Amino acid sequence: MLLQSQSHSLRPLTTAHLAQTMTLLGLTALELRQKVEAELAANPALELVNEHRCPTCHRRLPPSGPCPICSQPKHPESEQPIVFVSSREDFRTYGIRSSGDELPDEEWTAATEDLPTYVLRQISPELEVQDRQLAAHILTSLDEDGLLSVTVLEIARYHHVPISRVENVLHLIQRADPVGVGSPSTQEALLVQLSVLSETRAVNPVTERAIREGMDLLSRHAYPELGRLLGISSVKAQKIAQFIGENLNPFPGRAHWGDIRHGTAAKTSYQNPDVVISKLRESTNTALVVEILSPFAGTLRVNPLFRKALSEAPKDKTEEWQSDLDQASLLVKCIQQRNNTLVRLMQRMVVIQRDFILNGDAHLYPVTRARLAEELDVHESTVSRAVSGKALQLPNGRIVPLSKLFDRSLHIRTALRQIVAQESKPLSDTQISKLLDKQGYSVARRTVAKYRAMEGILPARFRHQNLVHQ
DNA sequence: CTATGGCACGGATT
DNA sequence: AATCCGTGCCATAG
């Protein structure tokens with residue numbers, strides 16, 4: 001009897017607590033925002049109070065104490081990341097800010113954002129404030145394929161600025177994630193992609209000429225003529241076309257985020273980051289600033305007035321009000337817990353992956369969610385939920401899935417890419433396997449083949465034709 | 001005979 | 001419990 005009553009009064013609270021924390025953890029910042037908004041509207045016991053902002057950096061201040069960023073410069077060389085929850089409202093207005101006007105809220109509520117916002121977010125760190133309007137103009141003038149439908153000249157005239165300034169902004173945009181986005185033509189999109197690609201991979205130099213001079217032949221699949229134009233055989237021309245088809249995408253707007261593989265990938269959704277990492281300073285050993293984006297500005301709390309009012313509630317309402325109150329405080333607790341978990345997770349993660357965050361793919365340290373869970377003393381599924389579906393913005397502006405931090409083979413794959421890029425003559429998978437082994441990565445030959453495929457690298461016998469032709 | 005992709009199995013991961 | 005991933009074996013192409 002006693003036992004039962006206990007389990008009735010205690011259990012529901014803890015299980016509900018756990019269940020809700022779990023679901024909240026699985027939500028991205030934007031999904032959470034929707035939930036909070038709905039709850040806010042439905043539950044009078046909840047209250048959102050505005051908070052102070054740091055006057056210098058405009059970030060939301062923690063409940064007490066100084067701004068975590070601006071108070072930091074005294075120890076700029078700290079190895080320890082600064083992790084905090086931020087509402088980062090300034091991001092919201094990056095959309096289309098015409099002379100200080102705030103963006104309507106609807107622009108922000110979608111769980112996935114549109115292409116312009118997505119790109120703007122990436123380039124904003126490098127974007128001069130006065131160029132934001134230019135960027136907004138360009139980005140809103142994209143057609144559905146991600147190509148620019150107006151000319152640079154028109155934009156420059158409209159804003160009364162030199163063409164070069166518009167071009168600079170455009171250059172930034174083109175190299176942002178759907179690489180080539182904002183190019184005036186499919187041809188230029190391909191060229192931009194090719195130049196970005198050639199930074200990480202060996203690319204046959206003829207490819208560029210093929211795009212530059214033989215674009216129309218290329219699109220008509222007229223390989224013999226293309227070969228004649230470039231002075232190579234028809235077969236080789238076809239190989240080049242194949243390479244282009246597999247690695248480049250003439251319609252950047254159609255590419256899914258992440259890989260620029262087959263343009264058939266229909267998903268045109270771009271995710272908002274849930275976590276933003278930036279450098280405090282430009283130095284190598286700078287502290288990293290990690291912001292866990294909070295989806296609403298201010299603090300969510302239980303309305304103290306409502307709590308008071310409960311004692312004077314009309315009889316028929318007390319039960320309802322009580323449940324509202326319970327629900328509200330539960331939600332608040334759970335959100336705090338969610339934030340707490342996320343902060344702890346990122347704190348650890350940033351230390352582990354510091355090299356990767358600063359220096360790129362090759363330095364990714366393979367960690368499993370299980371190991372991290374053990375270190376943080378939480379359940380594996382907690383880590384899983386916290387990571388899944390979320391996105392992370394790196395200091396270089398790239399937005400990657402948070403799960404990339406748990407990629408077990410990325411570093412090996414980049415090593416492989418380097419080997420292939422530096423090879424003087426095409427190496428077979430077996431040879432590559434041996435080379436990787438020397439670098440400390442022991443992978444089976446068969447696995448090399450898989451990685452190769454993942455990276456879109458052709459088999460040795462095809463690579464041969466793609467190399468410089470003497 | 002060598003290089004590579006397909007299939008499938010087992011163990012790790014989620 | 002379901003899924004992912006590395007790997008071995010085998011068929012096939014060159």
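This is a predicted model, so every value here is computed, not measured. Chain naming here is simple, since letters A, B, ... match the order of the sequence lines and numbering starts at 1 in each.
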Practice task
Compare every heavy atom of A:T414 with every heavy atom of A:A362, then report the nearest pair and how far apart it is.
Solution key: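 Scanning both residues, the minimum pair turns out to be CA-OG1, 3.3 Å.
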Practice task
Measure across A:V387 and A:L402 and return the closest heavy-atom pair with its distance rounded to 0.1 Å.
Solution key: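 That closest heavy-atom pairing would be O-CB, 3.8 Å.
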Between [N] ([atom2]) and [X] ([atom1]): distance, integer Å:
{"X": "A:M454", "N": "B:dT4", "atom1": "CE", "atom2": "P", "answer": "17 Å"}
{"X": "A:D437", "N": "C:dG6", "atom1": "CG", "atom2": "C1'", "answer": "15 Å"}
{"X": "A:I432", "N": "B:dT2", "atom1": "CD1", "atom2": "P", "answer": "18 Å"}
{"X": "A:I457", "N": "B:dA3", "atom1": "CD1", "atom2": "P", "answer": "18 Å"}
{"X": "A:L402", "N": "B:dT14", "atom1": "CG", "atom2": "P", "answer": "13 Å"}
{"X": "A:E380", "N": "C:dA2", "atom1": "CD", "atom2": "C1'", "answer": "14 Å"}
{"X": "A:Q431", "N": "B:dA3", "atom1": "CD", "atom2": "C1'", "answer": "10 Å"}
{"X": "A:R452", "N": "B:dG6", "atom1": "CZ", "atom2": "C1'", "answer": "14 Å"}

Practice task
Between C:dC9, C:dG8, C:dG14, spot the one nearest the side chain of A:R445, thanks.
Solution key: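 Among the listed nucleotides, the one closest to the side chain of A:R445 is C:dC9.
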Practice task
From the options B:dT4, B:dT14, C:dT7, select the nucleotide whose nearest atom is closest to the side chain of A:S384.
Solution key: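 The listed nucleotide nearest to A:S384's side chain is B:dT14.
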Exercise for the section: Just jot down the salt bridge (Lys or Arg N to Asp or Glu O under 4.0 Å) partners of A:R301, sequence neighbours excluded, or say none. Expected result: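 Residues passing salt bridge (Lys or Arg N to Asp or Glu O under 4.0 Å) with A:R301: A:E47.
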Practice task
Please check if any side-chain donor atom of A:Q174 sits under 3.5 Å from a side-chain acceptor atom of A:E188, or the reverse.
Solution key: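 Side-chain D/A pair, A:Q174 to A:E188: present.
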Practice task
Answer yes if the side chains of A:E291 and A:Q393 hold a donor-acceptor pair under 3.5 Å, and no otherwise.
Solution key: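 Side-chain D/A pair, A:E291 to A:Q393: absent.
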Exercise for the section: Just call it for A:V443: base, sugar-phosphate, or nothing, with non-hydrogen atoms closer than 4.0 Å on any strand. Expected result: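 If one applies the 4.0 Å heavy-atom cut-off, A:V443 turns out to touch the sugar-phosphate alone, with no base involved.
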Exercise for the section: Identify whether any heavy atom of A:T447 sits under 4.0 Å from a base atom; if not, whether one sits that close to sugar-phosphate; answer base, sugar-phosphate or nothing. Expected result: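 Touches a base.
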Please list, for nucleotides 10-13 of chain B, all pairs of protein and nucleotide N/O atoms separated by less than 3.5 Å.
none

Practice task
Would you please name every residue forming a side-chain hydrogen bond (donor to acceptor under 3.5 Å, both in side chains) with A:E375, sequence neighbours left out?
Solution key: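 A:E375 satisfies side-chain hydrogen bond (donor to acceptor under 3.5 Å, both in side chains) with A:R348, A:R371 only.
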Practice task
Give a yes/no on whether any side-chain N or O of A:Y451 is located under 4.0 angstrom from OP1 or OP2 of C:dG6.
Solution key: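 Answer yes for this pair, as a side-chain N or O of A:Y451 is under 4.0 Å from OP1 or OP2.
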Practice task
Please check the phosphate of B:dT14 (OP1 and OP2 only) for any side-chain N or O of A:S381 closer than 4.0 Å.
Solution key: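 No.
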Exercise for the section: In plain terms, say whether A:R33 and A:E37 are close enough for a salt bridge, that is, a side-chain N and a carboxylate O under 4.0 Å apart. Expected result: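 Yes.
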Practice task
Between A:D429 and A:K450, just flag the one whose closest nucleotide in DNA chain B comes earlier from the 5' side.
Solution key: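 Residue closer to the 5' terminus by nearest nucleotide: A:D429.
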